[in-house]
Structure formats: C-alpha cells, structure tokens
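Have a look at the structure below before the remarks.
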Amino acid sequence: MAAKDNGVKIHEVTRVTPSSHSTTAFPLPLTYFDAIWFRFAPVERLFFYETTELTCDFFNSEIVPKLKHSLSLTLLHYLPLAGSIMWPEEAPKPAIYYFPNDGVSVTVAESDADFNFLSGNEIREAVKFHPLIPQLPISDDKAEVMAIQITLFPNEGFSIGISCHHAALDGKSSTMFIKSWAYICKQLINKGENPSLLPELTPFFDRTVIKDPNGLDMVHLHKWMALAGSDPNTNKRSLKVMPSLVDLNNLVRATFELTGEDIKKLRDRVLSVSDKVNENEVKQSKRLHLSSFVLALAYTFVCVVKSKREEGNRNVIFGFAADYRSRLHPPIPDNYFGNCVGRLGDAAKVSDFMEENGVAFVAEKLSDLIKDIDRDVEEGSEEKMGKIMELIKQGATLLTVAGSTRFNVYGSDFGWGRPKRVEIVSIDRTAAVSLADRRDGGGGVEVGVALEKQQMEAFVSHFAHGLKDNN
C-alpha cells in the first residue's frame, strides 16, 4: 500500500481496458478546436458521493468492481479515452492513437480526511483536494487522454476524480462520458444487464464535420510549440502541458451559491442600470443576453477583482469559451466528441469593475461577446485574440471560467445516489472560476473560487454584501 499526500493511501493502480479487444488500432485526428487547447493544463473534476456507514468491505466488493466493470463497458463506446495523444516524426500533426491493449489508469485509494468538510461550502486549503485527483501521465512523446481515481472515505462516502487532457475533449464531451459511465453502472446495479447507450449519450466521432480550409490547426500548434521553445517541423515536439504559474500552497477554495432569486435580483439591477443609461435611446435592455451564466459570471468576476485590490489602471482580460456545435456551417451533432469551443474575450480596467455599476458593465460586455458570436468561429478573432495575448504578456489580470450551468453535473448517479458536491479542481492552476447548476435546481448557480487566503476573505465579504437588498 503506497502512501500519498494528505492522508491518502493508494491501494492499487490498475488499467481498465474496453470490454472487447476486437477493435483494431486507429488514430483520431485533432482539429483546430483541439489544437487551441493543445498544451493547456488537464481538466480535473472531483465528484463526492455520500454513503453513510460505508465499509471497506462494501467499497472493495461492490462499489469498485461495479465502477470498473461499467467503465470497461463504457470505454467500448469511448475508445479514444483509452488512448494517448502522440506526434510521430512522420506525422504532420498530432492525433489520438488507440491500440487494442490500451486502457485507462484507475487508482483505488483511501482517505482519512473529513469528507463533509471537503464536500462542503467552507473555505478549504486547495492542496487538500489534489491527492484525490489522479496524475495524468504526460511526457514529451506521449500524453494519456484520461486517468481516474476512486477514493474511499470510510463510513462517509467515496469520491471519483477524473483528469482529462483538454486537447482531446471539451467540457460537454467529458460530461457526456461521465453521464454515460454513470448510466451504464446504474443499469448494471438495478437490472443486472449491459444497456445500450441512449442516443444523446452516444458519441459522434466523425472529424470531417469540422472544416478547416485555412489550416488553423497548424497555426495553433505552431504557436504552442513556439511558446514552449519546440519546433513543430522537427522531432523536438514536446507534448508536455504548460506548468502552473500559481503557488498552489498559498491557495484556498470555497463554493458559493446564487439562488434563483439572487439571479433575478442581479438581472433586475443590470436592466435598471441599462435602462437609465439608454433612456433617450432604444432601450438596450431589450437586447441584452442576461442568462444565469452571464449574470453569475459578471457578479463573480467583479467580486474577484475587488478582492484582489489591484491598481485601477491595471488591465483585466475576461471571457469564456463558447460551444460552437450549433453555430458552425452547417451545424454539427450535439453529441460530437472532442473540442468544439472557441475562446471569447474582452479587456477593461480594474476601475471599471470597481464602479458602483460594475456588475452591469461586465454583464453588458459578456452579453456583447455572446451576441457577436459568428457561425465562422475564427473569422476576425485572430487579431482580437492577438491583442488580448499581448495584454496578458504585459501583466494583465486574467479572468476565465471553467464548467457550465448547462452540464447538469449533479445528474451523474452511478447507482448510489447523486453527487453531494462536484468540484473542478484544476481552477487552482488556471486561475479560473467554476460555474455549475445548483444541486437542488431552481435556476440557481454554484460558483467555485480559488484565491489566496486574504483575497478569499475579501471575496466572501464582497459576495455576500453585493446580494443585499439595499445594493
């Protein structure tokens, strides 16, 4: 039994392969959507499942075997997840390669940490979550697509940690896989049979639906290689992801909730400000895109900027990734597996966030980004993104988001109940905030934040104060 940090002990590390080995080897090409995230940090999600009085015997004899068996059955539908990203010398660009004996690394562990504390809303040290997430094996020559860790919290529950390579799939695809795995596992428990996947959970792999006449895949790959000091035209093509620029030991995490009523309150405030600004014009409020996502993100971004107490003239880059499946020409299937998200961003000053109407300012900026999404994802975006990257190099504050309010992550029931908490652990390394629909529904939003301790204390104050009725 090998030891791991923070009271986590490793019981075993195995490799789960697809249930059938008859499939021949194949490569799955990377598109320009995939290349955008080529050396981006892996996406790490952590699902906490509360099962009181959970014994080691039941965990080892029932939960782990069923999770492994259902994973094997699910991988048969998701073969690329069992493969690796490689870039052979003779190949013009990298691809996901699957071979019949490939599989997913699965770690089984046990933790003596406080399950309720980790899965709660309190402020917690970020490093306490990292031992619950598997390390994704990545070297210069090979990058595995996915790794999984199942961790027992005796008498309390268990967690499932999943680390995925961002160049292989986006949030929508990874969530579709998790729901597929949960669906098959629950059917095995309830009916003792191997079910067929529902149509909406069956992945679509045809890469020819992503058109790239201008060779944007190589444009993005060349940029990543240049940033890493590699040469894509030689055999010096490192597949290693960019290192974290944040000292993880100084970070704390917390989860905050916006109820449906909070969202309504924010929407009314933004509309009120917009109406006043445009009282002599056609009301801008009628054209604003004020979804729960936009309002929650605007409010969170403002609270983050205020908590950092930076100089007013400092640049702030803020934005999000948009799903283009329905926006391409022609639209592609909703169950397309891979990346199909484009980055959208804008710039402002810290002082803009600090104003009394800062939330309305940011919400309108985010609304404009959504309204300006073109069916041609790259048209006109390269120049703008180039300017944004230049500001980042000059030291601008970066605000991004991971997750979505549309993923329904709390619907991932493997047969032992819905998750108590879902965390995106990788926001520690990417300086992003996370958004998800609330567990109890009602149109609310969960917000995950990782900040330095003093900044978090300020964030708590700003987040609570900004929702009071007199604001």
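Position 1 is the first residue of the sequence; numbering continues from there.
- Between the side chain of Gln149 and the main chain of Pro131, a donor-acceptor pair closer than 3.5 Å is present.
- Donor-acceptor pairing under 3.5 Å is recorded for the side chains of Asp206 and Thr208.
- The pair Glu446-Arg439 does not meet the salt-bridge criterion, since no charged nitrogen lies less than 4.0 angstrom from a carboxylate oxygen.
- Rounded to the nearest 0.5 angstrom, Lys66 NZ and Ser61 OG are separated by 8.0 Å.
- Contacts of Arg418 classified as salt bridge (charged side-chain N to carboxylate O under 4.0 Å, His left out), with partners at least two apart in sequence or in another chain: none.
- Applying the side chain to side chain contact (heavy atoms under 4.5 Å, CB included) test between Phe38 and each of Met225, Lys223, His220 identifies Met225 as the sole match.
- Panel note: side chain Arg124, backbone Glu122; a donor-acceptor pair is recorded below 3.5 Å.
- Shown here are the salt bridge (charged side-chain N to carboxylate O under 4.0 Å, His left out) partners of Arg207, two or more places apart in sequence or in another chain: Asp34.
- In this structure, Asn339 contributes its side chain and Val341 its backbone to no donor-acceptor pair below 3.5 Å.
- Every residue meeting the salt bridge (charged side-chain N to carboxylate O under 4.0 Å, His left out) condition with Lys68, not counting sequence neighbours, appears here in chain and number order: Glu12.
- The ring pair (Phe, Tyr, Trp, His ring centres under 6.0 Å) test applied to Phe40 returns Trp37, His166, not counting sequence neighbours.
- Val106 is not listed as a side-chain neighbour of Val64, based on a closest heavy-atom distance of 4.5 Å or more.
- In terms of the ring pair (Phe, Tyr, Trp, His ring centres under 6.0 Å) criterion, residue partners of Phe115 (sequence neighbours excluded) are, by chain and number, Phe48, Phe153.
- Exactly one of Tyr78, Phe177, Phe204 qualifies for a ring pair (Phe, Tyr, Trp, His ring centres under 6.0 Å) with Phe337. That residue is Tyr78.
- Remark: Phe320 pairs with Phe293 by the ring pair (Phe, Tyr, Trp, His ring centres under 6.0 Å) rule, at least two apart or across chains.
- A donor-acceptor distance shorter than 3.5 angstrom exists from the side chain of Asp170 to the backbone of Cys340, with no hydrogens or angles considered.
- Panel note: side chain Asp323, backbone Lys172; no donor-acceptor pair is recorded below 3.5 Å.
- Not a single donor-acceptor pair under 3.5 Å links the side chain of Trp224 to the backbone N or O of Val241.
- Note: Tyr49 and Phe158 have parallel aromatic rings, judged against thresholds of 30 and 60 degrees for the angle between ring planes.
- Between Phe459 and Phe256, the gap from one ring centroid to the other is short of 6.0 Å.
- Between the side chains of His130 and Asp428, a donor-acceptor pair is found at a separation under 3.5 Å.
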